[in-house]
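Worksheet: one structure, shown below.
Numbered from 1 within each chain, the chains take letters A, B, ... in sequence-line order.
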Protein chains: 2
Amino acid sequence: MEADRRTRLTPDERRAQLVALGVSYLVDHPLESLTIEYLSAQAGVSRGLLFHYFGSKKGLHGEVARTARDSMLNATAPSPELAPLDRLRDTLTRIVQFVRDHRGTFYSLVRGAASGDAEVREALEQARAVQAERVIAVFRELGAADSELLRIALRSWVAFAEEALVEGALKTDLPSEQIVAFLERSALAVAASVGTGPGATFA
Amino acid sequence: MEADRRTRLTPDERRAQLVALGVSYLVDHPLESLTIEYLSAQAGVSRGLLFHYFGSKKGLHGEVARTARDSMLNATAPSPELAPLDRLRDTLTRIVQFVRDHRGTFYSLVRGAASGDAEVREALEQARAVQAERVIAVFRELGAADSELLRIALRSWVAFAEEALVEGALKTDLPSEQIVAFLERSALAVAASVGTGPGATFA
DNA sequence: ATTCGCTATTGACGGAAAGTCAATAGCAAA
DNA sequence: TTTGCTATTGACTTTCCGTCAATAGCGAAT
């Protein structure tokens, strides 16, 4: 009874299987601690195979990070048919939902992943850039000028939101609506604070 | 000519020497890449000695991170004699100054250090907690209620400020005054956004 | 059914770096 | 000088990354 003769999959299948295992690992471990040794054992394949598919440990980490990132970006993609402020609120609502549905994954992504190798950092960097772009779009449609300071401000607001989500959505049980409302107000406040005077508001 | 007979220092001296070397390493490398091998070679001592003093690589990283953190916290300690808003502006001014004077160290601290082991993360966590506490004190003196949401808000604002400092103070050459002014306005805006209504301002 | 060819997969090898620990050797006091 | 304490060493073990020629599934051809 050889329950484990060598199983030969197509490259796409194998890749998908390995990456999926990697992403599920994020649920309760930091990415950086994901070892080639461990993942190959989990998948029941040799270590050599992982090097064949991902080239290196960094390569593996990169692909896992990008996959987790994309699933988050997809789950929180804005609805283009909504008016700017409605779209913002809708997106924020879905983000809070996602964070609470995938606690471990989100945490590993914005915390653990901020670490180690360039490839992983790059992946997270892009996620922030996308989120920032989404918010910038909202305010541009509301008539804000596209200054460099605005971009820095909203990019930083994304970092703000990540921290608030970890602290508020993961570590406390504040009602989701309250977190959404807070994030919404803070985004408006930050955008308004870009203008020199105490003038410009968007609500 | 034995330029290097075994030199015997007091534990405090040796410790200080090793940690100082570690901190200086941060100027142009991420902490996580600091290896026992390398540091022992730099210091001209055996690897075993580092394990004697720090127990493990994580232990070493932790001590380096805490030392760098403390030098930042000291350099930006608020002046108690100033009125709340003046103190806030003064602290922000000193932070921007510090960031631009110690580019590499600051970057390694808030970025690279956000990574790896629990001990390092913990050190940075405490730095954020201290900075948040300083800002909370300002707004409490201005009459803000000490709600949980306010704490989350200002804690998140610290993350916001870190991001803005990296993007604005390190990656661009915006005048310091402008960055300080922006940080100041954003802090006020965030604090104000905690109150449910569009009311409460502090300026 | 059997053979063949392509390639997915393996396992043995080499190397870097973390930890462990009993042995060694400065240095200050007797 | 000698002695005792302890700072310091260096050899050893372990873990994990990365390389590469050899092996063995599996579909296609006969």
So does A:Y53 get a side-chain nitrogen or oxygen closer than 4.0 Å to the phosphate oxygens (OP1/OP2) of C:dT9?
yes
Taking only the side-chain heavy atoms of B:F51 (C-beta and beyond), determine which of D:dT19, C:dT10, C:dT20 contains the nearest atom.
C:dT20
Starting at CG of B:L60 and ending at P of C:dG19, how long is that distance when rounded to a whole Å?
10 Å
Rounded interatomic separation in angstrom, taking CG from B:L9 and P from C:dA28:
12 Å
Checking all strands, does B:I36 fall into the base, sugar-phosphate, or nothing category for heavy-atom contacts under 4.0 angstrom?
sugar-phosphate
Report which part of the nucleic acid A:S56 touches: base, sugar-phosphate, or nothing (heavy-atom distance under 4.0 Å, all strands).
sugar-phosphate
For A:H61 and D:dC16, give me the distance from atom NE2 to atom P, rounded to whole Å.
12 Å
What's the NZ-P distance between A:K57 and C:dA17, to the nearest Å?
13 Å
Walk me through it: do B:Q17 and B:R14 pass the test side-chain hydrogen bond (donor to acceptor under 3.5 Å, both in side chains)?
CA-CA 5 Å; B:Q17 175 210 11; B:R14 186 61 85 191; 2.8 Å; yes
Nearest to the side chain of A:R6, heavy atoms from C-beta on, is which of C:dT24, D:dA24, C:dA18?
D:dA24
Between D:dT15 atom C1' and B:E37 atom CD, what is the distance in whole Å?
15 Å
For B:L50 and B:R8, take the nucleotide of DNA chain D holding the closest heavy atom to each; which residue's nucleotide lies nearer the 5' end?
B:R8
Check whether any side-chain heavy atom of B:F160 sits under 4.5 Å from a side-chain heavy atom of A:V190, and report yes or no.
yes
Does a distance-only test, which skips hydrogens and angles, find a donor-acceptor pair under 3.5 Å between the side chain of B:R47 and the base of D:dT9?
no
If you define the side chain from C-beta out and look only at heavy atoms, does anything of A:E63 sit under 4.5 Å from A:R15?
yes
Does D:dC17 have OP1 or OP2 under 4.0 Å away from a side-chain N or O of A:T35?
yes
Donor-acceptor pair between B:Q131 and B:R134 side chains, under 3.5 angstrom:
yes
Does B:R14 make a side-chain N or O approach to OP1 or OP2 of D:dT8 shorter than 4.0 Å?
yes
